[in-house]
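Here's the structure, in structure tokens; my notes come after.
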Amino acid sequence: MTASTPVLTMTGISKQFPGVKALDGVDFRLLPGEVHALMGENGAGKSTLIKVLTGVHDIDEGRIELDGARVAFTGPLAAQQAGISTVYQEVNLCTNLSVAENIFIGREPRDRWGRIRWKEVRRRAAGILARLDLDIDVTASLSAYSLAVQQLVAIARAIDVQAKVLILDEPTSSLDAGEVQQLFRVMRRLKDDGIAILFVSHFLDQIYEISDRMTILRNGRLVGEYLTKELPQVELVAKMIGQELAELERLHGTAKVFDRPLVEARELGRAGAIEPFTLTIHEGEVVGLAGLLGSGRTEIARLLFGADHASTGEIAIGGTPQPLRTPRAAMSHKIAFCSENRRSEGLIPDLTVRENLVLALQAARGWTRPLPRSRQDELVSRYVAALNIRPADPDQLIRNLSGGNQQKVLLARWLILEPRLLILDEPTRGIDVGAKAEIQRLVAELSGGGMAVLFISAELEEVLRLSHRVAVLRDRRLVAELDNDDRLTTESLMETIAGGGHPA
Amino acid sequence: MLVTAGLFAAMFVAGGVRYEGFATGQIVLNVFIDNGFLLVVAVGLTFVILTGGIDLSVGAVVALSTMVSASLLQAGWPWWAVIALVLAMGVVLGGGMGAIIHFFGIQPFIVTLAGMFLARGLCYTIGTDSIPITDPAFTAFAQTRIDLFADLWISPSVLIAVAVVLVAAYVLHYTRFGRAVYATGGSEQSALLMGLPVARTKITVYTVSGLCSALGGVLLAFYMLSGYGLHAVGMELDAIAAVVIGGTLLTGGSGYLLGTVLGVLVLGLIQTVISFEGTLSSWWTKIFIGALLLVFILLQRLMSRRGA
Amino acid sequence: GGGGTTSAGTGGGGDAITMGFSQVGAESGWRTANTKSVQDSAKNAGITLKFSDAQQKQENQIKAIRSFIQQKVDVIAFSPVVESGWDTVLMEAKNAKIPVILTDRAVDSKDTSLYKTFLGSDFVEEGKKAGQWLVQEYKDSKDPVNIVELQGTTGSAPANDRKAGFAEVIGADPKFKIVASQTGDFTRAKGKEVMEAFLKSTPDIDVLYAHNDDMGLGAIEAIEGAGKVPGKDIKIITVDAVKDGMQALADGKINFIVECSPLLGPQLMDLAKKVVKGEQVPARVVTEETTFTQEQAKQVLSSRQY
Amino acid sequence: MRRLLWPLLALAALLLLNVAFTDGFLSIQIKDGHLYGSLIDILRFGAPLILVSLGMTLVIATGGIDLSVGSVVAISGALACLQISEDASVFTAVALALGLCLALGAWNGFLVAGIGIQPIIATLILMVAGRGLAQLITDGQIITVNSPAYKLIGGGYWLTLPFGILVVAAIWAVTAFLTRRLALGLVIEAVGGNPVASRLAGIDARRVTVMAYTACALCAGIAGLMISSNVSSADGNNAGLWIELDAILAVVIGGTSLTGGRFSLTGTVLGALIIQTLTTTIYSIGVPPETTLLFKALVVTTVCLLQSPAFRAKVFHRRPRPAPKAAAEEKVKVTA
Ligand SMILES: Nc1ncnc2c1ncn2[C@@H]1O[C@H](COP(=O)(O)OP(=O)(O)OP(=O)(O)O)[C@@H](O)[C@H]1O
Ligand SMILES: Nc1ncnc2c1ncn2[C@@H]1O[C@H](COP(=O)(O)OP(=O)(O)OP(=O)(O)O)[C@@H](O)[C@H]1O
Ligand SMILES: [Mg+2]
Ligand SMILES: [Mg+2]
């Protein structure tokens, strides 16, 4: 495989953003028929490398060769036409269009007169999604589906293109194990067809499972190119973050007894979204939610936060029923919710890191009581350091941060509220291994201090590592509540989720 | 959309109950006859608004078209050459604005506002008086009545407007350009990253709007048989209102052409109601228009919310 | 509801006359007085008035006339927004055998059979009257006379005509020079604003000619603000003769006003009755209008209706 | 404040143009105990526009737009003058007028935030009906009032300065305080930048929106008082006609995006001053009325082109190489 000539080579690529050198003389090559992982911490420059390659940004220095010929794309359209198909990091689809259209827009099958053949579009869209094991109504608007489904649709769009090079920038950040396996199957098939695949992910297991070779970036510089099988995981992490990472273990202490209920959902439900469920979260307890894509985890979180209106049941806080009709009401009871969809439900792109970070705290205080500047500075610098947010410039616009760093800012927004119940929906989406451990440690620490946490993650290991108790959802129904003792493993949890096994 | 159509029908029936001679087929046709040019302009504007942009220059371009037509016809040009030139002028103006908007990243509001100043200014440099149109072809076109069944009739402008609507609806729903319009409006950044020709789409929609405005101007010239710099003052607001009443979001990405047609009809019907009401004083006319608009929008909003 | 759909046929032959009146809009006090005059005299004359406000849009006016035809009124009267472009709809009225009377402004149709008569002022004539007074006033002076002009809304018929009539008369003598001319949109606020700028950019203004009283009144404030005396340091001619204007004239702040009367109502109703009866009427009826000097203003001030 | 550089330059250029055409354009004298001169005129006549634009900035920052300001201007002036002409005290008249404006603003806000009607249509309703209301109040006539106290608001002087300018300065200061010293600015920008996210962050977007529209109508109301006081009369038909376009233009020239989010009050004031200077320029250099609009189109386009980083990059640096920063910034803007 090493012998074959690269389909793509990038040499000496540099890219300067105002105040940040995002790429500094990076070399990169991609061979046909390989899955090549691009590794690095949040803000290392992975997405930027992909964007300069596909012409979203101009490069300052360096050259790009595709099939031996120098290229400089004017934009994604040109790159696509040259055979590079890309899924960018954030889901970049048009949620106002139907699922089928999102897959085919720009290259819809047409008849002789240039008229789009809608039937054909729908039929083929359903076919492609079936390859990813997704059976949804392709005529529905994309906005009706969760982020995970949107991510799959974006992937479907990319893999359908007849391409030489397929680029996937964190395609699996919202997917659970089943979908990831399905994606990998498709990737392997494409690889066998001789397509070169560039893959970015912060899940090391996935990297080791699928990739043949990896290139590591650190702070916009090239660390090196390695064969995956020759680089042990510890070394990879060390190369990425420049230091060794402590072993991860279960973070919660040994079985505690929680007897002070904080939030109780009683027969709470929302027609069409989640069947009525009853769930109690105690002070200092971390409750994990596990379930498959679309099983209703996000719905539970939104109901508890008052983001959606419940159609049945009630919520009691400290024993008294409270109507949580708006997020504001929930916040007044010190409930916080970090949404899974950072782009549409989290970021205010035109505001700075500082403003985004203090937003919720400021909203809770009301605009007439501004947060003193000194307090802002203190909070911001504390969390920038704690979560390793880079660049560490609080006055940078948040839209200019890398995806992972944006996520950290949003997390910090809720952590500084010091809520009594913190609802985290996929909080570690797109966050690198180092920061992820840091976040998990922080959550454990806060819960140790009495804060209740509702933790949602597609990564079961993470759920297990943190939670005291795991609630399992299937088909929008709460089916089990399991204590997280030594007998609970990812396998047994998986079984419960799939509906096979029974709680131990 | 259904709600809008239903409300339109309800309004028509209510008018029929209230005013004698209201609920006739010809009243609906008259709404078309009297608003053919507005319809064409609104169709063009729908493209722009669907991409999330706005075009304030439409009214001025309409006026300029009537002015150019009238003055060229007066100078003895043949009618077909005049029409061709006017349409070309619309394309150039629209395309120019689109190019500035796209390449220099200036907000559409300002660029098209400057375009509005420019077009009106050009009108006045041609002349401040109104110029009558006496060209036989234009006159014939203006006075032709196409008889339908049972005493009903329409003007040729209505046919042109309907044709424009049909073509535009086809383009929006069955061509790649049309779909790119929706995608660009949904999220310009996503559309770009999905590899859609955003630049071309954006420039084209303004070109389409310019073309439609010019065509609307020609229809207005038929309707009025005159060219005048003060024609169609404030028409951009009418057109925007029609598009938005039709359910298109000003932020782009959502809406249908049929909605725009309904929007124009609603505005026209309000006008008709006003004229049937008969004796409203000038200010009550305005208040009444506002109130009808309010009632319509409120019902539309509440009913579609209930439905959702 | 539901009436017949026949489009042709003579107007309802009942005894009460129904008149459809399409007004330009309500853009000025003058216009409102005009509307009121028409409405009041219709009531007095026992004529049922269908009134429609076109909000300054010709297309609305055309629609209104169409709707009058549809409603089979006995006579249609309207003040055209613009001169051109009425042939089609007037033809429809003619086909429906509904007589049409123009008020206030003329139309430029070649086919004069489309309307029965035109009742209104002559804007060109008004401009000429203003010019004639000026020529008279300065007939003994040899020095150049610097004039600034506050025009009405750009492109509107009164602005065009009052400008042209005035220019025609003073053009005969080279000592009259229009040193600055700008639109004040017929409003006081704009009149004041433009005059302020004139006062600074143009030294030695002798005369101000404003296309209506309101702009003149605004300008007076500007002139006073600049420490000059309106009517003395700068002579002021305006058109319209609304009450505030007449007051200023009587106070000596304006020197001369050309009347442009909005009170067409009674004359219009007379004409309408005749036209409906089928009597012959003159093709052009000029409203009874005059001009006012400061002395005349003092005398008539108390009897002004608006 | 680098982004205010270009509007400032444009303003300076316009003033220079005037200096070239009119002698003593920049001179300011004291006449009758108050300041007198072209620059003072620009401020004085610009005061209502600045006010309306300030209010409009807040509305636009929430992602909305307010077309009804012109009508509110007319209504406020009309009501105040009507009251005064019926022998009410100036204070009552002003209070009543502004009270009505507050109600109208709240109404706009209610339609937008409460019912969820698109702002342009919601405010179009008041734009149309409000003009009728103003005419109803004045009975379509011009109400002339003769009250020295009322005259002060828009036409008077205080401490040699035009009173209107002082009012504007005060309101600007208050708005700046509320938005920048207190956290109102952050909250408004968040609502305009991403309404969904702000709701989830616990911001009461509805209340903020209603407040913005109310403030906007209040500003328009005060501007209406100024305009009518300046000429001692209320003109329900023409007062504030098309001022919404000028105000929106001022906001946009000042660097605030019509899509909402970030706003700059100083930029807006500059924008309004540019527009007023442009108007004055047209009068004083004698642009004939027929070409006024062409001149306006030219100036507006030039100002905007100069402000556009993309344009500057393309024209001033033939190759973006010497200034990669500017080029990069521009690219991001265009794609985002
Ligand atoms: N448009 C921009 N303007 C300014 N700086 C930017 C811009 N885009 C990216 N950067 C900066 O470039 C650096 C690299 O970002 P990039 O998005 O490539 O990181 P990444 O490796 O993809 O990280 P992640 O794993 O979090 O996605 C970051 O420091 C980021 O702040
Ligand atoms: N596989 C699917 N098939 C059909 N609809 C789905 C599917 N996945 C998600 N949806 C839709 O998305 C909505 C949101 O689901 P929700 O966000 O509650 O899921 P979740 O458990 O949070 O899973 P995830 O966040 O991983 O998508 C659901 O109400 C459903 O309409
Ligand atoms: Mg990235
Ligand atoms: Mg979810």
Side-chain angles (χ1 to χ4, degrees), chain C residues 25-36 53 55-56 148-155 159 163 179-203 213-215 217-222 224-227 242-245 247-248 306, chain D residues 18 21-25 27 29 31-32 34 36-42 44-46 48 77 128 131-132 135 138-144 151 154-155 157 226-228 230-242 276 279-293:
Chain C
E27 76 280 11
S28 64
W30 189 97
R31 184 65 61 194
T32 316
N34 177 241
T35 305
K36 206 156 152 29
D53 183 307
Q55 326 233 356
Q56 278 100 301
V148 294
E149 183 184 29
L150 286 174
Q151 302 182 21
T153 308
T154 307
K163 180 179 157 78
V179 288
S181 177
Q182 188 55 255
T183 173
D185 283 336
F186 283 132
T187 66
R188 278 191 208 183
K190 276 279 169 197
K192 179 170 182 183
E193 190 176 342
V194 176
M195 194 64 200
E196 295 257 14
F198 282 171
L199 285 166
K200 267 140 211 152
S201 63
T202 321
D213 289 345
D214 284 328
M215 290 190 292
L217 290 168
I220 286 173
E221 297 214 10
E224 286 173 340
V242 299
K243 201 162 194 170
D244 286 343
Q247 182 68 53
Y306 73 104
Chain D
N18 272 295
F21 270 85
T22 317
D23 321 321
F25 181 82
S27 83
Q29 312 146 10
K31 229 176 216 180
D32 301 341
H34 54 74
Y36 180 85
S38 298
L39 290 181
I40 300 294
D41 277 356
I42 291 177
R44 206 152 54 88
F45 283 106
V128 176
R131 183 64 61 187
Q135 290 172 338
T138 60
D139 202 22
Q141 294 297 338
I142 293 178
I143 303 179
T144 308
K151 180 85 190 175
Y157 292 82
M226 279 183 190
I227 290 175
S228 80
N230 188 23
V231 288
S232 296
S233 62
D235 183 347
N237 312 316
N238 292 302
L241 208 58
W242 302 121
Q276 188 59 41
T279 314
T280 308
T281 309
I282 287 171
Y283 299 151
S284 49
I285 72 176
V287 181
E290 301 84 48
T291 35
T292 305
L293 284 173

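Letters go in sequence order (proteins before strands), and every chain restarts at 1.
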_side chain to side chain contact (heavy atoms under 4.5 Å, CB included) for D:I142 and C:D214? Distances and angles first, verdict last._
CA-CA 9 Å; D:I142 293 178; C:D214 284 328; 3.1 Å; yes
*asked:* For D:D41, give me all partners under salt bridge (Lys or Arg N to Asp or Glu O under 4.0 Å), at least two apart in sequence or on another chain.
replied: C:K200, D:R44
*Between atom CG of D:N238 and atom CG of C:D185, what is the distance when rounded to the nearest 0.5 Å?*
7.5 Å
*How long is the span from the NZ atom in C:K36 to the CG atom in D:D139, to the nearest 0.5 Å?*
6.5 Å
*So what's closer than 4.5 Å to chain C heavy atoms on D:S284: side chain, backbone, both or neither?*
both
*D:T279 versus C:E193: any side-chain heavy-atom pair under 4.5 Å?*
yes
*Which atoms of C:E196 come close to chain D, meaning under 4.5 Å heavy atom to heavy atom: side chain ones, backbone ones, both, or neither?*
both
*asked:* Please check: side-chain N/O of D:E290 versus main-chain N/O of C:T154, any donor-acceptor pairing under 3.5 Å?
replied: no
*If every non-hydrogen atom of D:Y283 is compared with every non-hydrogen atom of C:F198, which pair is closest and at what distance?*
O-CE2, 4.0 Å
*Apply side chain to side chain contact (heavy atoms under 4.5 Å, CB included) to C:K190 and D:F45, showing your working.*
CA-CA 10 Å; C:K190 276 279 169 197; D:F45 283 106; over 6 Å; no
_Which atoms of D:Q276 approach chain C - backbone, side chain, both or neither, heavy atom under 4.5 Å_ = side chain
*Can you tell which part of D:I282 gets under 4.5 Å to a heavy atom of chain C, answering side chain, backbone, both or neither?*
both
*Once you round to the nearest 0.5 Å, how far does CG of C:L199 lie from OH of D:Y36?*
5.5 Å
*asked:* As an exercise, state the distance from CG of D:N237 to OG1 of C:T32, rounded to the nearest 0.5 Å.
replied: 5.0 Å
_Region of C:A226 that comes under 4.5 Å of a non-hydrogen atom in chain D_ = both
*Can you tell me how far CD of D:Q135 sits from CG of C:D53, rounded to the nearest 0.5 angstrom?*
7.5 Å
*With a 4.5 Å cut-off on heavy-atom pairs, point out which of C:S181, C:P203, C:G155, C:S28 contacts chain D the most.*
C:S28
*Which bit of C:Q182 is near chain D, if near means a heavy-atom gap under 4.5 Å: side chain, backbone, both or neither?*
both
*Name the member of D:G24, D:G37, D:S232, D:G155 that forms the most heavy-atom pairs with chain C at distances under 4.5 Å.*
D:G37
*Atom CD1 of D:I227 and atom NZ of C:K192: how far apart are they, to the nearest 0.5 Å?*
12.0 Å
*Check each atom of C:A180 against the heavy atoms of chain D and say whether the ones under 4.5 Å are side chain, backbone, both or neither.*
neither
*Is the closest side-chain heavy-atom distance between D:D235 and C:R188 below 4.5 Å?*
no
*What pairs with C:K243 under salt bridge (Lys or Arg N to Asp or Glu O under 4.0 Å), at least two apart in sequence or on another chain?*
none
